[in-house]
A.B. asks: 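Once you've had a glance at the structure underneath, I'll fire off some questions.
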Amino acid sequence: MKQGKVDVLLGLQWGDEGKGKVVDVLTPNYDIVARFQGGPNAGHTLEFEDKKFVLRSIPSGIFQGGKINVIGNGVVLAPDLFMDEAKDLEKSGTPLKDRLYISKKAHLIMPTHRLLDAAYETAKGKNKVGTTGKGIGPTYTDKVSRNGLRVGDILDNFKEKYAAHKARHEDILKSLHFTDYNIAEVEKKWLEGIEFIRQFHIIDSEHLINKALRSGMSILCEGAQGTMLDVDFGSYPFVTSSNTICAGACVGLGIGPNKIDDVFGIMKAYCTRVGAGPFPTELFDKTGGLIRDLGHEYGAVTGRERRCGWIDLVALRYAIMVNGVTQLIMMKSDVLDNFDTIKACVAYKHNDQIIRDFPFDIEHDIEPVYKELKGWKTDMTHFSSEDEFPQEFSDYIQFLETELDTPIKIISIGPDRQQTIVRK
(Lines give C-alpha, C1' and ligand atoms only; values in the text may rest on other atoms or scores of the structure.)
Protein backbone atom coordinates (compact mmCIF):
# COMPACT_ATOMS: atom_id res chain seq x y z
CA MET A 1 0.00 0.00 0.00
CA LYS A 2 1.19 3.52 -0.79
CA GLN A 3 2.78 5.31 2.16
CA GLY A 4 1.00 8.51 3.20
CA LYS A 5 2.66 11.92 3.33
CA VAL A 6 3.39 14.46 6.04
CA ASP A 7 3.76 18.16 5.30
CA VAL A 8 4.60 20.77 7.93
CA LEU A 9 3.33 24.33 8.03
CA LEU A 10 4.96 26.82 10.38
CA GLY A 11 5.78 30.49 10.92
CA LEU A 12 9.19 31.91 10.05
CA GLN A 13 9.16 35.16 12.01
CA TRP A 14 8.06 36.04 15.55
CA GLY A 15 4.61 34.51 15.19
CA ASP A 16 1.33 36.03 13.99
CA GLU A 17 2.21 35.28 10.36
CA GLY A 18 -1.27 34.05 9.43
CA LYS A 19 -0.86 30.30 9.85
CA GLY A 20 -4.51 29.69 10.66
CA LYS A 21 -5.80 31.04 7.36
CA VAL A 22 -3.32 29.01 5.33
CA VAL A 23 -4.07 25.77 7.21
CA ASP A 24 -7.76 26.35 6.51
CA VAL A 25 -7.02 26.93 2.81
CA LEU A 26 -4.77 23.85 2.51
CA THR A 27 -6.87 21.44 4.62
CA PRO A 28 -8.93 20.08 1.66
CA ASN A 29 -5.67 18.51 0.39
CA TYR A 30 -5.19 16.45 3.58
CA ASP A 31 -6.96 13.80 5.66
CA ILE A 32 -5.63 14.92 9.05
CA VAL A 33 -4.55 18.27 10.51
CA ALA A 34 -2.43 17.99 13.65
CA ARG A 35 -1.18 20.71 16.01
CA PHE A 36 2.25 19.78 17.37
CA GLN A 37 3.30 22.39 19.98
CA GLY A 38 2.37 25.53 21.89
CA GLY A 39 -0.51 26.52 24.10
CA PRO A 40 -3.51 28.87 24.16
CA ASN A 41 -1.24 31.91 23.87
CA ALA A 42 -1.25 31.32 20.09
CA GLY A 43 -4.28 32.79 18.36
CA HIS A 44 -4.98 31.63 14.81
CA THR A 45 -7.52 33.92 13.13
CA LEU A 46 -9.69 32.64 10.27
CA GLU A 47 -12.18 34.64 8.23
CA PHE A 48 -14.67 33.22 5.71
CA GLU A 49 -18.31 33.67 4.76
CA ASP A 50 -18.28 37.03 6.59
CA LYS A 51 -17.47 35.32 9.88
CA LYS A 52 -14.36 35.56 12.03
CA PHE A 53 -13.00 32.82 14.30
CA VAL A 54 -10.01 32.82 16.66
CA LEU A 55 -8.58 29.40 17.49
CA ARG A 56 -6.23 28.95 20.45
CA SER A 57 -5.63 25.23 20.87
CA ILE A 58 -7.87 23.58 18.28
CA PRO A 59 -6.23 22.93 14.87
CA SER A 60 -7.23 25.29 12.06
CA GLY A 61 -8.50 22.43 9.89
CA ILE A 62 -11.55 22.02 12.09
CA PHE A 63 -13.91 23.91 9.74
CA GLN A 64 -13.33 21.69 6.73
CA GLY A 65 -15.83 18.83 6.96
CA GLY A 66 -14.77 15.23 7.34
CA LYS A 67 -11.19 15.94 8.39
CA ILE A 68 -9.62 14.51 11.53
CA ASN A 69 -8.02 17.17 13.75
CA VAL A 70 -5.45 16.18 16.37
CA ILE A 71 -4.11 18.06 19.40
CA GLY A 72 -0.71 16.38 19.69
CA ASN A 73 1.44 15.42 22.65
CA GLY A 74 3.65 18.50 22.18
CA VAL A 75 0.76 20.85 22.97
CA VAL A 76 -0.02 22.17 26.46
CA LEU A 77 -3.77 22.37 27.05
CA ALA A 78 -5.76 24.60 29.43
CA PRO A 79 -9.06 22.76 30.07
CA ASP A 80 -11.08 25.88 30.93
CA LEU A 81 -9.87 27.88 27.90
CA PHE A 82 -10.29 24.83 25.67
CA MET A 83 -13.87 24.43 26.90
CA ASP A 84 -14.70 28.07 26.06
CA GLU A 85 -13.10 27.77 22.64
CA ALA A 86 -14.87 24.51 21.85
CA LYS A 87 -18.29 25.70 22.98
CA ASP A 88 -17.98 28.82 20.82
CA LEU A 89 -17.19 26.66 17.80
CA GLU A 90 -20.04 24.28 18.54
CA LYS A 91 -22.44 27.26 18.57
CA SER A 92 -21.35 27.98 15.01
CA GLY A 93 -22.42 24.47 14.00
CA THR A 94 -18.98 22.83 13.90
CA PRO A 95 -19.32 19.18 15.10
CA LEU A 96 -16.17 19.09 17.22
CA LYS A 97 -16.70 15.81 19.01
CA ASP A 98 -16.75 13.93 15.70
CA ARG A 99 -13.60 15.58 14.34
CA LEU A 100 -11.29 16.35 17.26
CA TYR A 101 -8.84 13.93 18.91
CA ILE A 102 -6.66 14.80 21.91
CA SER A 103 -3.37 13.13 22.80
CA LYS A 104 -3.18 11.47 26.20
CA LYS A 105 0.40 12.73 26.41
CA ALA A 106 -0.45 16.44 26.01
CA HIS A 107 0.31 18.28 29.25
CA LEU A 108 -2.34 20.18 31.22
CA ILE A 109 -1.97 23.85 32.16
CA MET A 110 -3.15 24.14 35.75
CA PRO A 111 -4.52 27.31 37.40
CA THR A 112 -1.41 27.40 39.57
CA HIS A 113 0.76 27.39 36.43
CA ARG A 114 -0.68 30.83 35.61
CA LEU A 115 0.17 32.03 39.10
CA LEU A 116 3.69 30.71 38.69
CA ASP A 117 3.91 32.52 35.34
CA ALA A 118 3.07 35.82 37.07
CA ALA A 119 5.38 35.09 40.00
CA TYR A 120 8.37 34.27 37.77
CA GLU A 121 7.82 37.41 35.67
CA THR A 122 7.58 39.55 38.80
CA ALA A 123 10.80 38.03 40.14
CA LYS A 124 12.64 38.99 36.93
CA GLY A 125 12.17 42.70 37.67
CA LYS A 126 13.36 44.75 34.69
CA ASN A 127 14.31 41.61 32.72
CA LYS A 128 10.77 40.47 32.03
CA VAL A 129 10.27 38.19 29.02
CA GLY A 130 6.79 39.58 28.31
CA THR A 131 4.79 36.37 28.58
CA THR A 132 1.03 36.26 27.96
CA GLY A 133 0.50 34.98 31.50
CA LYS A 134 -1.28 31.86 30.26
CA GLY A 135 0.97 29.48 32.21
CA ILE A 136 2.69 27.99 29.17
CA GLY A 137 6.29 28.35 30.41
CA PRO A 138 5.70 26.79 33.86
CA THR A 139 3.76 23.93 32.25
CA TYR A 140 6.65 23.10 29.93
CA THR A 141 9.01 23.49 32.91
CA ASP A 142 7.04 20.83 34.78
CA LYS A 143 7.09 18.65 31.68
CA VAL A 144 10.87 18.63 31.27
CA SER A 145 11.45 18.30 35.02
CA ARG A 146 9.18 15.22 35.00
CA ASN A 147 6.55 16.79 37.23
CA GLY A 148 3.79 17.29 34.68
CA LEU A 149 0.12 16.41 34.70
CA ARG A 150 -1.12 15.00 31.37
CA VAL A 151 -4.48 14.62 29.66
CA GLY A 152 -4.28 10.85 30.12
CA ASP A 153 -4.07 11.37 33.87
CA ILE A 154 -7.71 12.49 33.97
CA LEU A 155 -8.74 8.90 33.19
CA ASP A 156 -7.38 7.40 36.41
CA ASN A 157 -7.14 8.62 40.02
CA PHE A 158 -7.17 12.25 38.86
CA LYS A 159 -8.23 14.05 42.06
CA GLU A 160 -5.25 12.76 44.02
CA LYS A 161 -2.83 13.55 41.19
CA TYR A 162 -4.18 17.07 40.84
CA ALA A 163 -4.05 17.76 44.58
CA ALA A 164 -0.41 16.67 44.77
CA HIS A 165 0.63 18.89 41.85
CA LYS A 166 -1.31 21.86 43.23
CA ALA A 167 0.32 21.49 46.65
CA ARG A 168 3.78 21.44 45.08
CA HIS A 169 3.02 24.62 43.12
CA GLU A 170 1.71 26.37 46.23
CA ASP A 171 4.96 25.58 48.02
CA ILE A 172 6.91 27.17 45.16
CA LEU A 173 4.66 30.25 45.19
CA LYS A 174 5.21 30.60 48.93
CA SER A 175 8.98 30.45 48.43
CA LEU A 176 8.65 33.27 45.88
CA HIS A 177 6.61 35.31 48.41
CA PHE A 178 3.70 35.25 45.95
CA THR A 179 0.78 34.51 48.27
CA ASP A 180 -1.84 37.16 47.56
CA TYR A 181 -4.15 35.19 45.29
CA ASN A 182 -7.47 33.36 45.23
CA ILE A 183 -8.01 30.79 42.50
CA ALA A 184 -11.28 29.28 43.76
CA GLU A 185 -13.42 30.52 40.85
CA VAL A 186 -10.74 29.80 38.24
CA GLU A 187 -10.20 26.33 39.69
CA LYS A 188 -13.94 25.59 39.65
CA LYS A 189 -14.14 26.39 35.94
CA TRP A 190 -10.88 24.52 35.28
CA LEU A 191 -12.34 21.35 36.81
CA GLU A 192 -15.46 21.81 34.68
CA GLY A 193 -13.08 21.93 31.71
CA ILE A 194 -11.59 18.60 32.78
CA GLU A 195 -15.04 17.02 32.69
CA PHE A 196 -15.68 18.64 29.31
CA ILE A 197 -12.49 17.12 27.85
CA ARG A 198 -13.70 13.65 28.84
CA GLN A 199 -16.35 13.91 26.08
CA PHE A 200 -13.70 13.89 23.34
CA HIS A 201 -11.57 11.16 21.77
CA ILE A 202 -8.62 10.90 24.18
CA ILE A 203 -6.06 8.77 22.39
CA ASP A 204 -2.45 7.75 21.93
CA SER A 205 -2.19 10.14 18.98
CA GLU A 206 1.18 8.82 17.78
CA HIS A 207 -0.50 5.50 16.97
CA LEU A 208 -3.41 7.15 15.15
CA ILE A 209 -1.05 9.25 13.03
CA ASN A 210 1.36 6.48 12.10
CA LYS A 211 -1.44 4.03 11.30
CA ALA A 212 -2.97 6.71 9.09
CA LEU A 213 0.35 7.10 7.27
CA ARG A 214 0.66 3.38 6.73
CA SER A 215 -2.84 3.35 5.22
CA GLY A 216 -1.87 6.05 2.72
CA MET A 217 -3.48 9.08 4.39
CA SER A 218 -1.98 12.58 4.26
CA ILE A 219 -1.24 14.77 7.28
CA LEU A 220 -0.68 18.51 7.66
CA CYS A 221 1.24 19.44 10.82
CA GLU A 222 0.36 22.88 12.17
CA GLY A 223 2.82 24.87 14.27
CA ALA A 224 2.06 27.71 16.67
CA GLN A 225 4.09 30.87 17.33
CA GLY A 226 7.07 31.37 14.96
CA THR A 227 10.62 30.16 14.34
CA MET A 228 12.23 33.18 16.00
CA LEU A 229 10.41 32.20 19.21
CA ASP A 230 11.84 28.66 19.22
CA VAL A 231 13.34 27.83 22.62
CA ASP A 232 16.61 26.68 20.99
CA PHE A 233 16.96 28.80 17.85
CA GLY A 234 14.93 31.93 18.63
CA SER A 235 15.98 35.21 20.23
CA TYR A 236 16.55 33.58 23.62
CA PRO A 237 15.48 34.24 26.38
CA PHE A 238 12.65 36.20 24.73
CA VAL A 239 11.12 33.05 23.29
CA THR A 240 8.34 30.57 23.93
CA SER A 241 8.96 27.33 25.82
CA SER A 242 8.68 24.79 23.01
CA ASN A 243 10.33 23.89 19.71
CA THR A 244 8.42 25.81 17.05
CA ILE A 245 10.63 24.60 14.19
CA CYS A 246 9.97 21.68 11.84
CA ALA A 247 11.78 19.21 14.10
CA GLY A 248 9.13 19.98 16.72
CA ALA A 249 6.57 18.23 14.53
CA CYS A 250 8.47 14.96 14.89
CA VAL A 251 8.72 15.30 18.67
CA GLY A 252 5.27 16.82 19.16
CA LEU A 253 3.41 14.15 17.17
CA GLY A 254 5.64 11.06 17.17
CA ILE A 255 6.47 11.20 13.48
CA GLY A 256 9.79 9.92 12.12
CA PRO A 257 11.91 12.61 10.39
CA ASN A 258 12.04 10.51 7.21
CA LYS A 259 8.26 10.92 6.87
CA ILE A 260 8.42 14.73 6.38
CA ASP A 261 7.86 15.85 2.80
CA ASP A 262 7.13 19.54 2.13
CA VAL A 263 7.81 22.25 4.70
CA PHE A 264 5.66 25.33 4.15
CA GLY A 265 7.21 28.43 5.71
CA ILE A 266 4.87 31.37 6.31
CA MET A 267 6.04 34.96 6.47
CA LYS A 268 4.50 38.40 6.29
CA ALA A 269 5.53 40.89 3.62
CA TYR A 270 6.82 42.90 6.58
CA CYS A 271 7.56 41.85 10.17
CA THR A 272 5.91 42.04 13.60
CA ARG A 273 6.66 41.02 17.16
CA VAL A 274 4.64 40.89 20.39
CA GLY A 275 6.09 41.27 23.87
CA ALA A 276 9.65 42.00 24.92
CA GLY A 277 12.81 41.06 23.07
CA PRO A 278 15.07 42.30 20.26
CA PHE A 279 13.58 43.29 16.93
CA PRO A 280 16.24 44.77 14.60
CA THR A 281 13.88 46.18 11.93
CA GLU A 282 11.31 47.64 14.34
CA LEU A 283 9.88 51.01 13.25
CA PHE A 284 9.17 53.61 15.90
CA ASP A 285 7.88 56.22 13.46
CA LYS A 286 4.61 56.93 11.63
CA THR A 287 5.40 54.18 9.11
CA GLY A 288 5.41 51.56 11.87
CA GLY A 289 2.11 52.88 13.19
CA LEU A 290 0.60 52.89 9.71
CA ILE A 291 1.61 49.26 9.13
CA ARG A 292 0.03 48.35 12.48
CA ASP A 293 -3.23 50.07 11.61
CA LEU A 294 -3.46 48.81 8.04
CA GLY A 295 -2.54 45.27 9.09
CA HIS A 296 -4.78 45.30 12.19
CA GLU A 297 -1.74 44.19 14.14
CA TYR A 298 -3.23 43.42 17.50
CA GLY A 299 -2.95 40.05 19.26
CA ALA A 300 -5.79 37.65 18.42
CA VAL A 301 -5.79 36.32 22.00
CA THR A 302 -4.28 39.14 24.08
CA GLY A 303 -5.29 42.22 22.09
CA ARG A 304 -1.78 43.59 22.59
CA GLU A 305 -0.35 45.98 20.02
CA ARG A 306 2.19 44.25 17.80
CA ARG A 307 5.49 45.94 17.18
CA CYS A 308 5.92 46.48 13.42
CA GLY A 309 8.89 46.77 11.09
CA TRP A 310 10.25 46.01 7.63
CA ILE A 311 10.91 42.45 6.53
CA ASP A 312 14.12 40.95 7.98
CA LEU A 313 15.81 38.71 5.41
CA VAL A 314 18.72 37.82 7.71
CA ALA A 315 16.33 36.24 10.18
CA LEU A 316 14.27 34.69 7.37
CA ARG A 317 17.28 33.02 5.73
CA TYR A 318 18.12 31.55 9.13
CA ALA A 319 14.54 30.34 9.68
CA ILE A 320 14.44 28.73 6.24
CA MET A 321 17.72 26.95 6.99
CA VAL A 322 16.82 25.47 10.40
CA ASN A 323 13.38 24.36 9.17
CA GLY A 324 14.40 22.97 5.78
CA VAL A 325 11.67 25.06 4.13
CA THR A 326 10.73 23.92 0.62
CA GLN A 327 8.03 26.51 -0.17
CA LEU A 328 7.29 30.01 1.08
CA ILE A 329 3.89 31.55 1.69
CA MET A 330 3.72 35.35 1.93
CA MET A 331 0.91 36.91 3.93
CA LYS A 332 -0.54 40.43 4.20
CA SER A 333 1.00 41.68 0.97
CA ASP A 334 -1.99 44.01 0.66
CA VAL A 335 -0.91 45.93 3.79
CA LEU A 336 1.94 47.45 1.76
CA ASP A 337 -0.28 48.41 -1.19
CA ASN A 338 -0.04 52.16 -0.59
CA PHE A 339 3.64 52.70 0.18
CA ASP A 340 5.87 54.66 -2.21
CA THR A 341 8.93 52.77 -1.03
CA ILE A 342 9.30 49.31 0.49
CA LYS A 343 12.38 48.42 2.52
CA ALA A 344 13.95 45.02 3.18
CA CYS A 345 16.76 44.27 5.62
CA VAL A 346 19.38 42.31 3.66
CA ALA A 347 22.17 42.29 6.27
CA TYR A 348 23.12 43.52 9.75
CA LYS A 349 25.87 45.96 10.64
CA HIS A 350 27.70 44.91 13.80
CA ASN A 351 30.88 46.59 15.05
CA ASP A 352 31.41 48.13 11.59
CA GLN A 353 31.13 44.70 9.98
CA ILE A 354 28.42 43.66 7.54
CA ILE A 355 26.99 40.23 8.41
CA ARG A 356 24.41 38.19 6.51
CA ASP A 357 24.29 35.18 8.87
CA PHE A 358 21.99 35.40 11.89
CA PRO A 359 24.21 35.90 14.98
CA PHE A 360 24.06 34.57 18.53
CA ASP A 361 22.98 37.98 19.89
CA ILE A 362 20.71 40.42 18.05
CA GLU A 363 19.97 42.56 21.10
CA HIS A 364 23.13 44.67 21.16
CA ASP A 365 24.88 46.81 18.53
CA ILE A 366 22.82 45.50 15.59
CA GLU A 367 21.90 47.92 12.81
CA PRO A 368 19.82 46.75 9.85
CA VAL A 369 21.17 47.31 6.34
CA TYR A 370 18.26 48.06 4.01
CA LYS A 371 17.59 47.76 0.32
CA GLU A 372 14.87 50.06 -0.97
CA LEU A 373 12.37 48.92 -3.59
CA LYS A 374 9.70 50.83 -5.43
CA GLY A 375 6.17 50.33 -4.06
CA TRP A 376 3.36 49.08 -6.28
CA LYS A 377 0.69 51.61 -5.20
CA THR A 378 -2.12 49.27 -6.26
CA ASP A 379 -5.10 47.79 -4.42
CA MET A 380 -4.56 44.05 -4.91
CA THR A 381 -7.30 42.78 -2.58
CA HIS A 382 -9.65 41.86 -5.44
CA PHE A 383 -7.08 40.12 -7.64
CA SER A 384 -7.64 36.47 -8.51
CA SER A 385 -4.45 35.66 -10.42
CA GLU A 386 -0.77 36.53 -10.29
CA ASP A 387 -1.15 37.76 -13.88
CA GLU A 388 -2.84 40.84 -12.40
CA PHE A 389 0.11 41.75 -10.16
CA PRO A 390 1.69 45.13 -10.89
CA GLN A 391 5.29 44.90 -12.10
CA GLU A 392 6.65 46.45 -8.91
CA PHE A 393 5.05 43.71 -6.80
CA SER A 394 6.33 40.99 -9.14
CA ASP A 395 9.78 42.57 -8.77
CA TYR A 396 9.42 42.43 -4.97
CA ILE A 397 8.55 38.72 -5.12
CA GLN A 398 11.49 37.97 -7.41
CA PHE A 399 13.83 39.95 -5.14
CA LEU A 400 12.69 37.96 -2.09
CA GLU A 401 12.99 34.61 -3.88
CA THR A 402 16.55 35.45 -4.93
CA GLU A 403 17.57 36.63 -1.45
CA LEU A 404 15.94 33.65 0.28
CA ASP A 405 16.77 31.04 -2.39
CA THR A 406 13.30 29.54 -1.94
CA PRO A 407 10.17 29.81 -4.12
CA ILE A 408 7.15 31.81 -2.95
CA LYS A 409 4.22 29.59 -3.92
CA ILE A 410 1.25 31.24 -2.23
CA ILE A 411 0.43 34.95 -1.84
CA SER A 412 -2.26 36.24 0.54
CA ILE A 413 -3.86 39.56 -0.41
CA GLY A 414 -6.51 39.78 2.31
CA PRO A 415 -7.94 37.98 5.37
CA ASP A 416 -10.64 35.92 3.60
CA ARG A 417 -9.80 32.39 2.45
CA GLN A 418 -10.76 33.49 -1.11
CA GLN A 419 -8.07 36.20 -1.06
CA THR A 420 -5.34 33.65 -1.68
CA ILE A 421 -3.36 33.28 -4.89
CA VAL A 422 -1.49 30.07 -5.67
CA ARG A 423 1.31 30.86 -8.09
CA LYS A 424 2.09 28.75 -11.14
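Heavy-atom basis, side chains included; hydrogens, waters and symmetry copies ignored.
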A.B. asks: Any donor-acceptor pair under 3.5 Å linking the side-chain atoms of Lys343 with those of Thr287?
C.D. replies: no
A.B. asks: I'd like to know if Arg423 and Glu401 make a salt bridge, using a cut-off of under 4.0 Å between side-chain N and carboxylate O.
C.D. replies: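 Salt bridge flag = yes for Glu401 with Arg423.
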A.B. asks: Do you know which two heavy atoms are closest between Ala347 and Val314, and how far apart they sit?
C.D. replies: CA-CG2, 3.5 Å
A.B. asks: Between Thr240 and Ser242, do the side chains contain a donor N or O and an acceptor N or O under 3.5 Å apart?
C.D. replies: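 No pair is found: no donor N or O on one side chain lies under 3.5 Å from an acceptor on the other.
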A.B. asks: With sequence neighbours left out, write down each residue that passes ring pair (Phe, Tyr, Trp, His ring centres under 6.0 Å) with Tyr140, or none if nothing qualifies.
C.D. replies: none
A.B. asks: Without swapping roles, check the side chain of Asn69 against the backbone of Ile62 for a donor-acceptor pair under 3.5 Å.
C.D. replies: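 Confirmed, Asn69 side chain pairs with Ile62 backbone.
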A.B. asks: Under 3.5 Å, is there a donor-acceptor pair linking the side chains of Glu388 and Ser384?
C.D. replies: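 Yes, side-chain donor-acceptor contact under 3.5 Å.
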A.B. asks: Roughly how far, to the nearest 0.5 Å, is the CG atom of Asn73 from the CD atom of Gln37?
C.D. replies: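 Gln37 CD to Asn73 CG: 11.5 Å, rounded to 0.5 Å.
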A.B. asks: Give the C-alpha distance, both sets of side-chain angles, the deciding distance and a yes or no for side-chain contact (heavy atoms from CB on, under 4.5 Å) between Leu400 and Ile397.
C.D. replies: CA-CA 5 Å; Leu400 293 177; Ile397 295 171; 5.9 Å; no
A.B. asks: Is there a donor-acceptor contact under 3.5 Å linking the side chains of Tyr236 and Asp230?
C.D. replies: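 Not at all, the side chains of Tyr236 and Asp230 share no donor-acceptor pair under 3.5 Å.
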A.B. asks: For Tyr298 and Asp16, test the side chains for any donor-to-acceptor distance below 3.5 angstrom and give the result as yes or no.
C.D. replies: no
A.B. asks: Show the nearest heavy-atom pair for residues Gln64 and Arg417, with the distance to one decimal.
C.D. replies: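 Reported closest heavy-atom pair: NE2-NH2, 3.8 Å.
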A.B. asks: Check each of Arg307, Arg292, Arg306 against Glu282 using the salt bridge (charged side-chain N to carboxylate O under 4.0 Å, His left out) test, and report the only one that passes.
C.D. replies: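 Among the candidates, only Arg307 passes.
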A.B. asks: Would you check if there is a donor-acceptor pair between the side chains of Ser235 and Arg273 at a distance under 3.5 Å?
C.D. replies: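 The answer is yes; a qualifying pair exists.
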A.B. asks: So which of Glu170, His165, Lys166 actually passes side chain to side chain contact (heavy atoms under 4.5 Å, CB included) with Arg168?
C.D. replies: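 So, applying the side chain to side chain contact (heavy atoms under 4.5 Å, CB included) to Arg168 and each of Glu170, His165, Lys166, only His165 qualifies.
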A.B. asks: Mind checking what makes salt bridge (Lys or Arg N to Asp or Glu O under 4.0 Å) contact with Lys424, not counting sequence neighbours?
C.D. replies: Asp387
A.B. asks: side-chain contact (heavy atoms from CB on, under 4.5 Å) between Val8 and Asp262: does it pass, once the steps are laid out?
C.D. replies: CA-CA 6 Å; Val8 179; Asp262 272 318; over 6 Å; no
A.B. asks: Go through the steps for Lys161 and Ile154 under the test side-chain contact (heavy atoms from CB on, under 4.5 Å), then give the verdict.
C.D. replies: CA-CA 9 Å; Lys161 292 175 183 176; Ile154 75 174; over 6 Å; no
A.B. asks: When rounded to the nearest 0.5 angstrom, what distance separates CG in Leu9 from OG1 in Thr27?
C.D. replies: 9.5 Å
A.B. asks: Would you say the side chains of Gln391 and Asp395 form a donor-acceptor pair under 3.5 Å?
C.D. replies: yes
A.B. asks: Write down the atom of Gln3, the atom of Arg214, and the distance for their closest heavy-atom approach.
C.D. replies: OE1-CA, 4.1 Å
A.B. asks: What pairs of donor and acceptor atoms, side-chain ones from residues 360-368 against any protein atom, are under 3.5 angstrom apart with sequence neighbours left out?
C.D. replies:
{"from": "Asp361", "atom 1": "OD1", "to": "Glu363", "atom 2": "N", "distance (Å)": "2.8"}
{"from": "Asp361", "atom 1": "OD2", "to": "His364", "atom 2": "ND1", "distance (Å)": "2.9"}

A.B. asks: Hey, are Lys332 and Asp334 close enough for a salt bridge, meaning a charged N less than 4.0 Å from a carboxylate O?
C.D. replies: no
A.B. asks: Does anything in residues 243-291 form a ring pair (Phe, Tyr, Trp, His ring centres under 6.0 Å)? List the pairs, not counting sequence neighbours.
C.D. replies: Trp14-Phe279
A.B. asks: Considering non-hydrogen atoms only, spot the tightest contact between Leu100 and His201 and give its length.
C.D. replies: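 Scanning both residues, the minimum pair turns out to be O-CD2, 3.5 Å.
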A.B. asks: Have a look at Leu108 and tell me which of Val151, Thr139, Asp142 forms a side chain to side chain contact (heavy atoms under 4.5 Å, CB included) with it.
C.D. replies: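 The side chain to side chain contact (heavy atoms under 4.5 Å, CB included) with Leu108 is passed solely by Val151 among Val151, Thr139, Asp142.
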A.B. asks: Looking at CD1 of Ile413 and CE of Met331, how far apart are the two atoms once the value is rounded to the nearest 0.5 Å?
C.D. replies: 11.0 Å
A.B. asks: Can a donor-acceptor pair be found between the side chains of Thr272 and Lys268 at a distance below 3.5 Å?
C.D. replies: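 Yes, because at least one side-chain N or O of Thr272 sits under 3.5 Å from a partner of the opposite role on Lys268.
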A.B. asks: What's the shortest heavy-atom distance between Trp310 and Leu336, and which atoms?
C.D. replies: CZ3-CD2, 4.3 Å
A.B. asks: Just checking, is any N or O donor in the side chain of Lys105 or Ser205 under 3.5 Å from an acceptor N or O on the other one?
C.D. replies: no
A.B. asks: How about Trp190 and Tyr162: are their ring centres within less than 6.0 Å of each other?
C.D. replies: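 For Trp190 and Tyr162, the ring centres are under 6.0 Å apart.
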A.B. asks: Which distance, rounded to the nearest 0.5 Å, do you find between the CD1 of Ile266 and the CD of Gln13?
C.D. replies: 10.0 Å
A.B. asks: His113: which residues meet the ring pair (Phe, Tyr, Trp, His ring centres under 6.0 Å) condition with it, sequence neighbours left out?
C.D. replies: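 Only His169 meet the ring pair (Phe, Tyr, Trp, His ring centres under 6.0 Å) criterion with His113.
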A.B. asks: OG1/Thr112 to CG/Leu149 distance, rounded to the nearest 0.5 angstrom?
C.D. replies: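 Thr112 atom OG1 to Leu149 atom CG measures 9.5 Å (nearest 0.5 Å).
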A.B. asks: With a 4.0 Å cut-off on N to O distance, would you call Lys377 and Asp340 a salt bridge?
C.D. replies: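 Salt bridge flag = yes for Asp340 with Lys377.
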A.B. asks: Any luck finding a side-chain donor-acceptor pair between Asn323 and Thr227 under 3.5 Å?
C.D. replies: yes
A.B. asks: In Å, rounded to the nearest 0.5 Å, how long is the span from CG of Leu115 to CG of Asp117?
C.D. replies: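 The CG atom of Leu115 sits 9.5 Å away from the CG atom of Asp117.
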A.B. asks: Does the pair Val6 and Leu253 meet the rule for a side-chain contact (heavy atoms from CB on, under 4.5 Å), with working shown?
C.D. replies: CA-CA 11 Å; Val6 179; Leu253 292 169; over 6 Å; no
A.B. asks: Going by ring pair (Phe, Tyr, Trp, His ring centres under 6.0 Å), name the residues that satisfy it together with Phe389, two or more places apart in sequence or in a different chain.
C.D. replies: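 For Phe389, the residues satisfying ring pair (Phe, Tyr, Trp, His ring centres under 6.0 Å) (neighbours in sequence not counted) are Phe393.
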A.B. asks: Do you know which two heavy atoms are closest between Glu222 and Ser60, and how far apart they sit?
C.D. replies: OE2-OG, 2.7 Å
